[in-house]
K.L.:
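Supplied in structure tokens, the structure appears directly below.
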Amino acid sequence: MTRNTPSETEPTDFIREIIREDLRTGKFGGRVHTRFPPEPNGYLHIGHAKSICLNFGVAEEFGGLCNLRFDDTNPVKEEAEYVEAIKRDVHWLGYDWGEREFYASDYFEQLYQYAVQLIKLGKAYVCDLTPEQIREYRGTLTEPGRESPYRNRSVEENLELFERMRAGEFPDGSRTLRAKIDMASGNLNMRDPVIYRILHATHHRTGDAWCIYPMYDFAHSLSDSIERITHSLCTLEFEDHRPLYEWFQEQLGVYRSQQIEFARLNLTYTILSKRKLIRLVQEGHVSGWDDPRMPTLSGMRRRGYTPQAIRDFCGRIGVAKTNSVVDVALLEYCLRQDLNKRAPRVMGVLEPLRVVIENYPEGQVEMVEAINNPEDESMGTRQVPFSRVLYIERDDFREDPPRKYFRLAPGREVRLRYAYFIKCVDVIKDPETGEVVELRCTYDPETRGGYAPDGRKVRGTIHWVSAQHAHDAEVRLYDRLFNKPNPAEVEEGQDFTANLNPNSLQVLTGCKVEPSLAGAEPGSIYQFERKGYFCVDVLDSTPEHLVFNRTVSLRDTWKKIEKSLQQQRKR
RNA sequence: UGGGGGAUAGUUUAAUCGGCAGAACACCUGACUCUGGAUCAGGCAGUUGGGGUUCGAAUCCCUGUCCCCCAGCCA
């Protein structure tokens, strides 16, 4: 049985099963309505992509809708910049929320009225305990809490106090509104949780209209209800919040949504904690949220990742309740798979070694035809100039070739892709350092186009660029940001930054690329044959100074062979 | 004697009422190849332990073990 492509496949996971069942029983009147609820306090990353693909994907599959809702209930951490970045990223991934762009802050007045209603129901009270006292009264994981001395204030007093909280009569932290539930509950979330706190802070959308702000549990449950969300999908750590989520809707007698939790994404060699990502940015370990090494969607976009690759990945990792760590190799596989189909091939020499073809006429230039993408004939061909002096990859020559190495070496013949067979006849070295600075080769004019009329075979085919036609380029080689599969695993007294890979960025200048790249569009992606996929940097590349980001290397079988040869030698 | 959740190849996941444990990635072979790419063929490899029920258990029962989350006026 062959695997269906993601679009044909009907994803099956416990959430979709629940939804199918709900549809069958008519639980939500046959409706499916989800939401993606980011807090605008940072940039979206690949972990969010999982949630986005789930929420929007599920809605699409079942003929429902998915809202974009900003969970902006904490003005001290949130900024409008993040809102814009988040919208850009969701769109880039290929999802559309239509007119349904909502904000928890849109509901502040209604949420306030809900709180008033709760007070009237005798289900909420204003508490004067300090934050420290609240903590003490909460008890511990194994011991019950104690009731606040303010727990039994009258409805009238609570109403008046809450109104005065809103009016700004009290300083930050002096009072809270709390739900009156059960201080002895084994679930700490039910021990009279705070639902409103005083925060004299300017909100990015409501400005100074409010000085009290609702807490997540309250705002989220009721925002879902207001939007008539049917299935509220969130991550595992909110599992013990579900009773509270349901409590608010039940007490207020409002629309009941169903919260379902799934495991968040973890990736090897990657950190996906907003708190830690923001540190990388603030401490300058990376150039910003969109540094191509970042697992943020903006970083990945700049790196050359495609939305299709990310969506394919999200479809393959599945949705379950088990804590898990996905191998980053799967992400890279999805990337290569997508890029292989769409990226035009081109020749670029990263670390140039000069080659002179001794028997090729000086001053002569001829054009050879090259295929733009062997995976897609419709992408056509192009003409590439060939001449007497060329650059090849320094790594494609070995003075003393190891076993199984079938590229260029003294006396050996290789094929220059799409051009001629050449043979190395001499090696020029720097007399001081002994470094190889130039190769003298001869070519066989009979092999034009790369075919030998006598049928002789060469093992190696290497890429090249004509020296006089080459364009200079800067190439940024990215590697994983962290050295350890689990970057959080550190010695005593260290933090995750100790696992930062010091070689995660290597900048190469003086790289030589074929002339067709002269007008390369920022953001466009090419395969440098035999090397990898490279994307024109959107920020730093100019026609005069080309800058390429290595998106991902090609699978490198030779590297494996060489490695195992070295290991054999050690034994 | 707090509450909640979870355990299937190295990794991520399937398995409808209890009916042959199936895929993908990774790894290893080989074929093919003007990219040591891509593609194709094959291989390695699994039900958390112990009992029980049953013709038959990943699935049901009993009993262990291990892992994750929760004591923000963050989300």
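Treat the numbers as computed from the prediction; the structure is a model and nothing was measured. Convention: sequence-line order gives letters A, B, ...; per-chain numbering from 1.
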K.L.:
Could you tell me which nucleotide pairs with B/rC25 by Watson-Crick or G-U wobble geometry, both distances under 3.5 Å, or answer none if nothing does?
P.N.:
B/rG10

K.L.:
For a quick test of reading the model: is some side-chain N or O of A/Arg336 closer than 4.0 Å to OP1 or OP2 of B/rG37?
P.N.:
no

K.L.:
Do A/Trp210 and A/His203 have side chains that approach each other closer than 4.5 Å (heavy atoms only, starting at C-beta)?
P.N.:
no

K.L.:
Does a side-chain N or O of A/Tyr333 approach OP1 or OP2 of B/rC25 to a distance below 4.0 Å, or not?
P.N.:
yes

K.L.:
Counting side-chain heavy atoms from C-beta on, which of B/rC73, B/rU13, B/rA75 comes nearest to A/Thr322?
P.N.:
B/rU13

K.L.:
Between B/rA9 and B/rA21, how far apart are the two P atoms, rounded to whole Å?
P.N.:
16 Å

K.L.:
Rounded to whole angstroms, how far apart are CD on A/Gln133 and C1' on B/rA71?
P.N.:
16 Å

K.L.:
Any side-chain N or O of A/Ser324 below 4.0 angstrom from OP1/OP2 of B/rU13?
P.N.:
yes

K.L.:
Select base, sugar-phosphate, or nothing to describe what A/Ile317 touches, counting heavy atoms under 4.0 Å on all strands.
P.N.:
sugar-phosphate

K.L.:
Side chain of A/Arg530: nearest nucleotide among B/rC68, B/rC74, B/rU35?
P.N.:
B/rU35

K.L.:
On the ring face of A/Phe170, is A/Arg175 found with NZ or CZ under 6.0 Å from the centre and within 45° of the axis?
P.N.:
yes

K.L.:
Kindly say if A/Thr73 contacts the phosphate of B/rA75, meaning a side-chain N or O under 4.0 Å from OP1 or OP2.
P.N.:
yes

K.L.:
With both distances under 3.5 angstrom, what nucleotide forms a Watson-Crick or G-U wobble pair with B/rC20?
P.N.:
none

K.L.:
Out of the candidates A/Thr306, A/Asp338, A/Thr551, A/Leu335, only one should pair with A/Tyr533 under the side-chain contact (heavy atoms from CB on, under 4.5 Å) rule; please name it.
P.N.:
A/Thr551

K.L.:
Any side-chain heavy-atom pair from A/Val384 and A/Trp464 closer than 4.5 angstrom?
P.N.:
yes

K.L.:
Within the structure, does a side-chain N or O atom of A/Arg242 lie under 4.0 Å from either OP1 or OP2 of B/rG3?
P.N.:
no

K.L.:
Sticking with atom C1', work out how far B/rC62 lies from B/rA26, rounded to a whole angstrom.
P.N.:
39 Å

K.L.:
Figure out the CG/P separation between A/Asn187 and B/rC69, and round it to whole Å.
P.N.:
16 Å

K.L.:
Under 4.0 Å: is that the gap between some side-chain N or O of A/Lys560 and OP1 or OP2 of B/rC28?
P.N.:
yes

K.L.:
Could you give the CD-to-C1' distance, from A/Glu562 to B/rG36, as a whole number of Å?
P.N.:
11 Å

K.L.:
Just to be sure I understand the rule, does A/Leu236 reach a base, reach only the sugar-phosphate, or reach nothing, if contact means heavy atoms closer than 4.0 Å?
P.N.:
nothing

K.L.:
OP1 or OP2 of B/rC74 sitting under 4.0 Å from any side-chain N/O of A/Arg275?
P.N.:
no

K.L.:
With a 4.0 Å cut-off on heavy atoms, is A/Gln527 in touch with a base, just the backbone sugar-phosphate, or nothing at all?
P.N.:
base

K.L.:
Determine the interatomic distance between C1' on B/rU47 and the same-named atom on B/rG22; round to the nearest Å.
P.N.:
13 Å

K.L.:
Just checking A/Tyr405: base, sugar-phosphate only, or nothing, at a heavy-atom cut-off of under 4.0 Å?
P.N.:
base

K.L.:
Mind checking A/Tyr196 for me? I need base, sugar-phosphate or nothing, with any heavy atom below 4.0 Å counting as a touch.
P.N.:
nothing

K.L.:
Quick check on B/rC70: is either OP1 or OP2 less than 4.0 Å from any side-chain nitrogen or oxygen of A/Arg191?
P.N.:
no

K.L.:
Are the side chain of A/Thr447 and the backbone N or O of A/Phe421 linked by a donor-acceptor pair below 3.5 Å?
P.N.:
yes

K.L.:
Base, sugar-phosphate alone, or nothing: which one does A/Val319 contact when heavy atoms must sit under 4.0 Å apart?
P.N.:
sugar-phosphate

K.L.:
How is A/Met190 classified with respect to the nucleic acid when contacts are heavy atoms under 4.0 Å: base, sugar-phosphate, or nothing?
P.N.:
nothing

K.L.:
OP1 or OP2 of B/rG3 less than 4.0 angstrom from a side-chain nitrogen or oxygen of A/Thr142, does that happen here?
P.N.:
no

K.L.:
What is the nucleic acid contact for A/Glu375, judged by heavy atoms within less than 4.0 Å: base, sugar-phosphate only, or nothing?
P.N.:
base

K.L.:
Could you tell me whether A/Arg407 contacts a base, only the sugar-phosphate backbone, or nothing, with contacts defined as non-hydrogen atoms closer than 4.0 Å?
P.N.:
base

K.L.:
Give me the ring orientation class for A/Tyr245 and A/His220: parallel if the planes are under 30° apart, tilted from 30 to 60°, perpendicular past 60°.
P.N.:
tilted

K.L.:
Any ion pair linking A/Arg35 and A/Glu227 (charged N to carboxylate O, less than 4.0 Å)?
P.N.:
no

K.L.:
Is A/Arg555 close enough to B/rG36 that one of its side-chain N or O atoms is under 4.0 Å from OP1 or OP2 there?
P.N.:
no

K.L.:
Would you classify A/Arg417 as touching base, sugar-phosphate or nothing, given that sugar-phosphate means primed atoms plus P, OP1 and OP2, and contacts are heavy atoms under 4.0 Å?
P.N.:
base

